[in-house]
Amino acid sequence: MVPLSLTVNGKPIEVEVEARTLMVDLLRNTLGLTGTHIGCDTSQCGACVVHVNGRTIKSCSVLAVACDGEEITTIEGLACDDGRLHPMQQAFADCHGLQCGYCTPGMIMTAVAIADEEDLLEPARLREELHGNLCRCTGYQNIVKAVIAGADAMKRSG
Ligand code: FES
Ligand code: FES
């Protein structure tokens, strides 16, 4: 077993993991953060996207030990402590940017990471940027609307 120190959603975590443990399994099975989904296990779908030091990773493709000492944010870490949704979560709700919701945590984590990149928010460009996050339900139209609205709300909320 390998000792590991991480900050997850602002909380310091000390755990021991097998060297082969994937980050998504540490989050879901050990830490109980089941908002991070597994849709494929082959790096295709993006349901498992989380942030490491503010940058997106597909957590099904990264060993937990590779994140020793890093700051991890999952979908559970976005909302305010008082329960208010993060502006990007609220935008997905307001714009109906989800149907079954399976892709949504990963989609939102990707959206938050690109929200301050003005040039990526033009709809055609945004669709390209979301190519690593697959949605089987929505046809992406409302997801694109939600990401643009969420990015705007993030800007306004500072
Ligand atoms: S579960 Fe990680 S990309 Fe699909
Ligand atoms: S809302 Fe169902 S997969 Fe995206």
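Order of listing sets the numbers, starting from 1, for every ligand and every atom in it. Quick note: residue numbers are just sequence positions, from 1. Side chains included, hydrogens not; waters and symmetry mates left out as well; all remaining heavy atoms used.
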- Message: So if I count the atoms of ligand 2 from 1 in the order they appear, which ones are less than 4.0 Å from some heavy atom of Gly101?
- Response: 1 (S), 2 (Fe)
- Measure from atom 2 (Fe) of ligand 2 to each N, O or S atom of Cys100 and report whether any distance is below 2.8 Å. yes
- Query: What residue and heavy atom of the protein are closest to atom 1 (S) of ligand 2, and at what distance?
  - Reply: Gln99 N, 3.2 Å
- Message: Would you say Leu98 ends up clustered with Ile38 if hydrophobic residues are merged whenever their side chains have heavy atoms under 4.5 Å apart, either directly or through other cluster members?
- Response: no
- Message: Between Arg84 and Gln89, is there a side-chain donor-acceptor contact under 3.5 Å, judged purely by atom types and distance?
- Response: no
- Please check if the side chain of Glu128 supplies one atom and the backbone of Arg125 the other of a donor-acceptor pair under 3.5 Å. no
- Item | Residue pairs passing the ring pair (Phe, Tyr, Trp, His ring centres under 6.0 Å) test where at least one lies in residues 100-135, sequence neighbours excluded | His37-Tyr102
- Item | Nearby protein N/O/S atoms (those under 2.8 Å) for atom 2 (Fe) of ligand 1, with water ignored | Cys48 SG, Cys60 SG
- Closer than 2.8 Å to atom 2 (Fe) of ligand 2, do we get an N, O or S atom from Cys135, backbone or side chain? no
- May I ask you to decide if Asn53's main-chain N or O and His51's side chain share a donor-acceptor pair within less than 3.5 Å? no
- Does Lys145 reach the main-chain N or O of Cys95 with its side chain, forming a donor-acceptor pair under 3.5 Å? no
- Message: Are Leu6 and Ile75 linked, directly or through intermediate hydrophobic residues, by side-chain heavy-atom contacts shorter than 4.5 Å (ILVMFWY only)?
- Response: no
- Would you tell me whether Thr74 and Glu76 have side-chain atoms, one donor and one acceptor, within less than 3.5 Å of each other? yes
- Can you list the atoms of ligand 2 that are under 4.0 Å from a heavy atom of Arg136? 3 (S)
